[in-house]
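Some notes on the structure that comes next.
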Amino acid sequence: MATDTQQRIDRDTDVEIAGDDPIHAEGTLPFDRYGPVDHVSHFSGIAVSVLYMVAAGVTLYEVFARYLFNAPTLWAFEVVMVLCATTWMLSSGYITLKQRHIGITVFHVMASERTRWWLDTFAMIVGIVALYMLLSDASLRAYISISQLEKTGSAFNSPMPMVLKSLLVLGGFLYLTQLLVNLHRHLRLPLSRLVVKLVAAFMLIYFLAAALTAIMGEASVFGTVSGFFSDIAAALDPSRALNMRAYDLGTISVIMVILLVALMMTGMPLGIVTLIVSVIMAIAFFGPRGLYLVSTNAAGLLEHYTLVAIPFFVLMASILERAGIAEDLFDAMSIFSGNLRGGVAVQTVIVAVILAAMSGVMGGEIVMLGLVALPQMFRLGYDRKLTIGLICASGALATLIPPSIIMIVYGLSAEVGIGDLFMAGAIPGIMLALFYAGYVLLRVNLNPKMAPTAAEVAEITGHKGGLSRARMTAVILCIILIAAVMGSIYGGVASVTEAAAVGCLGSLVVAAVRNQFRWSVISAALLGSMTTVGTIIWLILGAVSFVGIFNLVGGGDFMRSLFLDLGLPAIGTILVMMAILVVLGTFMEWIAIVFITVPVFAPVVETLAPDLGLTVDQAKVWFGILFVMNIQIYFLSPPFGPACFWLKSVAPRDVTLQEIFLSVLPFIVLQIIGLALVMIFPQIALWLPAALS
């Protein structure tokens, strides 16, 4: 079984933790049909993926220099930021070529083929407009930064600001160009394709004139051409006609939210949705000059060092996954399950906890458990609904058990320490795991027919499980690696990013012990990480721009006052927020929920902290855990629970979505109980951060 499963893993890139989304994955363009732009996008994506490993190596060097030799570098931080930003931005072409951007496709897939064609056309046109608007200002900021050789002012004093602004422009141009090519390929009529070519020619002239003006000056002929375009934009300024400042904050907030939700429902990439709404509102309020606010927010995102932890954790998980560690963990647990009835189910929960601690990404964990654990538990005679529900719920633990990618994004948005969130999520995550294991043991002991013992398993299979010395050593090293990574964070020895880099390179050692230190394994992990993180970063980029404009026009203040004026007690306000998250979770991706709600909710929670009996920092951490637990419930909840669709993508054909939805219901109840306990007793989440502080 182990060999067959591993061969299946090698064939199917969708099971990789950092791989494609198994729900929305579609056939992509064959390599032999690539055009020049497609080749550039493909090559650039593959090339920059290697930079994650280089960045991890630089971070590891800094860790050793600081802690072993007491000689911290002056250059590591800025070099790592540039390396990661290069990968984030230049992955845009590859992601767009492979159509991997995240979107809400629930209604898109329900539409007819003709309707989907029109929705795709609309999405690409909106994307082209949004990127053109972003680049029309961002390119000017980059030219100014280059002309001034803008530097950090740090001890190293590198030109990092200039490089980051230039990378934003390069990534945006690559995204825009590939999107134009995709639209040209998507359209069928010669006249429509001609229009796309004319639009591309106009944009080329516009941006080329602006670049040459920056080089040769306003007095040149290119300055005249560029000035002509600027005069047209000024004449078409919609802010004078719309007079948005005359509207009250409530009306403006409602307009922005309705526009946001309406565009999301079309299935277009969420990064484009938030970006185009930002652009529209910036121009409507401030005219063409408002684009400066959008491009500044976007460029500022690339300086967030916290984001560097995301690719490191994803890459670590991807390498361990590709090396077959998940399968080894499962086989190792089976050796220790003994004659406990339901022992295989309990070991599945334990493996899920370990996988969650080494990944932080839920989708890949559920897919792996679905490939490895589901067939085995079916074969051994475990109850179908119990097995299906357990795998979905256990796989979703990756949202709560650190290192959780959701926690990193939440911490960035709410300005909360990632290490504090990691520590706060550990106990609730283990608590839910114990709930799942306890529920299974209770069920199988009340009804022994639902699960066999180890002796009965041996009788059914005809052999006892075992692991080779190399596989067992790899399992032990993997557990040690996870303990070292999380222990260094909890103990305050290293930052989250530094610990992630150590884990990333430590995973190579584990892969070598597992005899999987091969270029095919590493390259697949790098490529998958580049794709996954690239989609997240471009979505965050649009979301940050949206939140910045929303707060600037007063939307954030209005929403906060709305919550505080409800007249409810503090815990009542928290319950209202939880209810809003439940509603949004029925049709919206988690990352969109984070960036739409957290900037509004977090300040309200800060205000309510004294009434809750907590400090401001404690309140934000506690609410962060409630938020993540709520998102975890959304991952399982019918009719759109992503975990259910992920499991369906790899489950046997006789497993229906209806059966999966029914199977997860008891585990959703356990999740709600866990959420209620953390809400009533905040110290469940806050005890460990306080103890380790």
Side-chain angles (χ1 to χ4, degrees), residues 23 104 106 349 352-353 356 360-363 365-366 369 385-386 388-402 404-407 409-410 414 421 424-440 571 573-598 601 605 621-648 657-658 660-682 684-685:
I23 303 175
I104 300 173
V106 173
V349 177
V353 170
V361 183
M362 183 195 71
E365 181 175 343
I366 289 180
L369 290 174
K385 289 184 179 179
L386 185 69
I388 292 169
L390 179 69
I391 288 177
C392 277
S394 299
L397 287 172
T399 62
L400 188 58
I401 292 178
S404 166
I405 302 303
I406 296 180
M407 287 187 184
V409 177
Y410 172 88
L421 286 171
I427 300 300
I430 294 173
M431 178 184 71
L432 285 180
L434 292 174
F435 282 1
Y436 301 156
Y439 170 75
V440 169
I571 197 67
T573 304
I574 298 295
L575 288 172
V576 171
M577 293 179 184
M578 293 292 106
I580 292 173
L581 294 176
V582 170
V583 173
L584 292 179
T586 60
F587 63 89
M588 198 175 289
E589 290 281 351
W590 67 266
I591 196 165
I593 296 173
V594 170
F595 279 98
I596 291 172
T597 61
V598 171
F601 289 175
V605 173
V621 171
W622 170 68
F623 182 77
I625 301 305
L626 295 179
F627 184 95
V628 174
M629 295 182 77
N630 198 304
I631 294 295
Q632 188 182 44
I633 295 172
Y634 137 71
F635 275 132
L636 264 67
S637 299
F640 305 128
C644 301
F645 288 93
W646 271 316
L647 183 61
K648 172 59 180 171
L657 270 176
Q658 182 180 3
I660 295 175
F661 287 149
L662 290 173
S663 301
V664 300
L665 293 179
F667 294 91
I668 292 176
V669 173
L670 293 175
Q671 290 178 333
I672 294 173
I673 292 173
L675 177 65
L677 287 174
V678 175
M679 187 176 296
I680 297 170
F681 305 105
I684 295 176

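Just so you know, these numbers come straight off a predicted model, no measurement behind them.
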Would you say the side chain of Met577 lies within less than 4.5 Å of the side chain of Phe627, judging by non-hydrogen atoms? no
Should Met578 and Phe623 count as side-chain neighbours, where that means a heavy-atom distance under 4.5 Å? yes
Roughly how far, to the nearest 0.5 Å, is the CZ atom of Phe601 from the OG1 atom of Thr573? 10.5 Å
Quick one, Phe667 with Leu390, criterion side chain to side chain contact (heavy atoms under 4.5 Å, CB included). Give me CA distance, side-chain angles, the key distance, then yes/no. CA-CA 7 Å; Phe667 294 91; Leu390 179 69; 4.0 Å; yes
Using side chain to side chain contact (heavy atoms under 4.5 Å, CB included) as the criterion, list what pairs up with Leu575, not counting sequence neighbours. Met679
Applying side chain to side chain contact (heavy atoms under 4.5 Å, CB included), name anything that partners Ala414, two or more places apart in sequence or on another chain. Tyr410, Val416, Val598, Ala602
For a 4.5 angstrom cut-off between non-hydrogen side-chain atoms, does Met407 reach Leu400? yes
Tell me the closest heavy-atom pair linking Cys392 and Leu636, and the distance in Å. O-CD1, 3.7 Å
When you compare the side chain of Ile406 with that of Phe635, does any pair of heavy atoms fall below 4.5 Å? yes
Just verifying a value: how many Å separate Ile631 CD1 and Leu626 CG, rounded to the nearest 0.5 Å? 12.0 Å
Would you say Thr399's side chain and Ala396's backbone share a donor-acceptor pair under 3.5 angstrom? yes
Apply side chain to side chain contact (heavy atoms under 4.5 Å, CB included) to residues Ile574 and Val605 and explain how you reach the verdict. CA-CA 8 Å; Ile574 298 295; Val605 173; 4.1 Å; yes
When rounded to the nearest 0.5 angstrom, what distance separates CD1 in Ile593 from CD1 in Ile580? 11.5 Å
Under the side chain to side chain contact (heavy atoms under 4.5 Å, CB included) rule, collect the residues that match up with Ala424, sequence neighbours excluded. Val621, Ile625, Ala685, Pro689
Any residue meeting ring-ring contact (aromatic ring centres under 6.0 Å, His included) with Phe435, in chain and number order, not counting sequence neighbours: none
Looking at CG of Leu677 and CD1 of Ile672, how far apart are the two atoms once the value is rounded to the nearest 0.5 Å? 12.0 Å
Nearest heavy atoms of Pro402 and Gly425, plus distance in Å: CD-C, 4.3 Å
So which heavy atom on Ile668 is nearest to which on Ser637, and how close? CD1-CA, 3.8 Å
So which heavy atom on Ile401 is nearest to which on Gly429, and how close? CG1-CA, 3.8 Å
Nearest heavy-atom approach of Ala356 to Ala398 is CB-CA, 3.6 Å
What are the two closest heavy atoms between Ala433 and Val349, and how far apart are they? O-CG1, 3.6 Å
List the steps, then state whether side chain to side chain contact (heavy atoms under 4.5 Å, CB included) holds for Gln632 with Leu675. CA-CA 10 Å; Gln632 188 182 44; Leu675 177 65; over 6 Å; no
So, using side chain to side chain contact (heavy atoms under 4.5 Å, CB included) as the criterion, who are the partners of Val669 when residues are at least two apart? Ile673
Pairs satisfying side-chain hydrogen bond (donor to acceptor under 3.5 Å, both in side chains), at least one member in residues 665-675, at least two apart: Tyr436-Gln671
Close side-chain approach of Ser663 and Leu386, heavy atoms under 4.5 Å: no
